Amino acid sequence: MNNLKNLRGTVDLLPDQLIKWQNVEKIVLEQLSRSSIKEIRTPILEMTELFIRGIGEETDVVSKEMYTFLDRGERSCTLRPEGTASVARALIQNGISSNPHQKLWYMGPMFRYERPQAGRQRQFHQLGVEFIGYQSVRSEVEIIALAWDILGKLGIKELNLEINTLGDLNDRLNFQKSFLKWLNINKDSLDSDSQNRINKNPLRILDSKNIQTKKVLENAPRLFNFLSDKSHKRYSDLKNQLEVLQIPYVENFNLVRGLDYYTHTAFEITCGALGSQATVCGGGRYDDLIKQMGGPNTPAIGFAIGLERLILLAGKELEVPRNTDIYIINQGLIAESLAIDLARKLRNYDLIVELDLSGASFSKQFKKANKLRSKSIIIIGDDEAAKKEFTIRLFDKESFDNKEEVISLENDIKLEKWLSINLSFK
RNA sequence: GCGGGCGUCGCCAAGUGGUUAAGGCAGCGGCUUGUGGCGCCGCUAUUCGGGGGUUCGAAUCCCCUCGCUCGCCCCA
């Protein structure tokens with residue numbers, strides 16, 4: 001059995017860990033539904049072509065991180081490395097023009113072939129939100145605020161919001177012209193990674209982490225200075241509105257982000273507690289993507305939150321499970337079936353009811369109930385079965401002074417009264 | 001893809017060449033098959049991530065490999 005293991009960069013989530021996941025998901029989904037955002041589910045597997053065209057051939061994600069293979073029909077397939085391209089594809093395919101304004105969310109696994117690290121896996125999970133068909137600055141502010149609030153609802157502290165603007169396609173082309181000129185003059189002062197990017201993806205050089213390159217870049221032309229008046233206005237409107245909402249931000253002119261489809265606003269939320277993989281949320285506007293992919297001209301903006309990173313940040317209080325309300329101790333053939341019937345009835349009261357299936361001694365079953373920290377127990381054995389009744393007892397760990405009552409199996413009124421007094425059942 | 005650290009039972013670990021691989025937690029069984037918190041007793045690694053080598057003898061030394069981890073790169 002030793003040779004059968006999970007693949008590198010994948011993990012098993014066991015029941016104890018899933019308590020936290022489920023709690024986090026619950027809070028997140030509540031917040032999304034309050035904002036009237038609808039769920040969309042797209043396939044995990046897509047044509048490779050989708051990501052090459054959507055994300056950009058020269059991006060790191062596409063050029064070296066995709067899980068790509070040929071299926072039995074010789075089609076090139078890829079496990080999705082992110083969600084936006086799939087959502088765009090699904091909308092185009094299903095007739096976006098009949099419904100051009102949509103607020104959508106999705107949640108699920110993504111795949112990138114990278115070296116695993118804390119907060120980074122090969123199969124990881126993202127929550128994504130996309131506002132489709134919205135051009136306004138307020139849609140950007142709304143979406144940033146949403147990301148900010150989701151993280152806030154989970155009690156995550158010390159978050160940093162970084163923003164930047166990339167301008168529109170024209171702004172970028174103008175900038176790129178003079179940036180390329182500058183890059184070629186200063187080529188020798190750049191690190192080798194950046195030199196390689198000159199002809200492939202010059203914008204990415206902007207957020208190089210190389211100290212030497214960073215220093216040289218200080219004298220490079222600024223994208224900001226190539227923005228049209230309109231783009232400038234967008235950006236200052238964005239900042240003003242964030243200030244009204246009292247969401248603190250830091251401008252980072254080098255924030256470019258790794259996917260080609262971004263225009264205008266790009267943002268990232270980081271948390272120092274995550275260590276080197278600090279980004280918990282990244283997003284931005286992508287006004288040209290849907291058109292580029294063959295759909296109608298449709299502006300859009302979105303973000304993605306990394307769920308593994310979110311779980312790392314979320315507080316310990318979300319790890320607490322809901323305890324069993326009633327543990328049913330039972331023994332004997334007749335008692336057994338009465339106990340099953342009783343369990344079904346109690347579950348209709350929306351109580352967590354666990355039926356002991358072991359047939360072990362009463363003593364064992366009591367110990368099990370105690371270990372589970374069950375709030376109460378029901379005892380039903382041969383004696384009770386014969387009289388068509390059961391014993392119900394509060395099962396307080398602290399005191400042994402437990403209230404116990406014998407109730408007839410038919411007496412639902414008495415049962416409900418007991419439940420409402422002792423388990424605050426309504 | 002490149003550097004640094006690590007790898008002994010489900011978890012936390014002692015052991016650094018000499019033959020029975022400590023201990024704690026958890027688990028299981030019993031004292032106590034009709035009654036729970038405590039206690040006591042017992043069981044649970046032919047084996048030290050895997051493979052090969054050195055040696056009379058290896059968890060301990062050497063080589064390879066896999067995995068984890070921290071950084072770089074990049075991102076969620």
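All values reported here derive from a predicted model rather than from experimental measurement. Letters A, B, ... mirror the listed sequences (proteins, then strands); counts begin at 1.
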Any [X] side-chain nitrogen or oxygen under 4.0 Å from OP1 or OP2 of [N]:
| X | N | value |
| --- | --- | --- |
| A/Lys371 | B/C28 | yes |
| A/Arg8 | B/C68 | yes |
| A/Lys364 | B/G30 | yes |
| A/Lys64 | B/C73 | no |
| A/Arg204 | B/C75 | yes |
| A/Arg197 | B/C74 | yes |

_Whole-angstrom distance between B/G17 and B/U54, as gauged at atom C1'_ = 12 Å
*Pick one: which of A/Arg234, A/Gln241, A/His264 meets side chain to side chain donor-acceptor pair (under 3.5 Å) with A/Glu140?*
A/Arg234
*asked:* With the threshold set at under 4.0 Å for non-hydrogen atoms, list the residues of residues 279-288 of chain A touching RNA chain B in residue-number order.
replied: A/Thr279, A/Val280, A/Cys281, A/Gly282
*Do A/Tyr327 and A/Phe395 have ring centres separated by under 6.0 Å?*
no
Look through every strand shown and name the nucleotide pairing with [N] as Watson-Crick or G-U wobble, where both distances are under 3.5 Å.
| N | result |
| --- | --- |
| B/G67 | B/C6 |
| B/G27 | B/C43 |
| B/U32 | none |
| B/U16 | none |
| B/C48 | none |
| B/G1 | B/C72 |

*What class does the angle between the rings of A/His101 and A/Tyr134 fall in, given that below 30° is parallel, 30 to 60° is tilted and above 60° is perpendicular?*
tilted
_Students often mix this up, so state it plainly: with edges at 30° and 60°, are the rings of A/Phe253 and A/Phe224 parallel, tilted or perpendicular?_
tilted
*Indicate, yes or no, whether a donor-acceptor pair under 3.5 Å links the base of B/G34 to the side chain of A/Glu384.*
yes
*What about A/Arg120, does its side chain sit under 3.5 Å from the base of B/C74 through a donor-acceptor pair?*
yes
*Taking the six-membered ring for Trp, does A/Phe366 stack with B/U35 (centroid gap under 5.5 Å, planes within less than 30°)?*
yes
*Kindly indicate whether a cation-pi arrangement holds for A/Arg122 with A/Tyr113, taking the cut-offs as under 6.0 Å to the six-membered ring centre and within 45° of the axis.*
yes
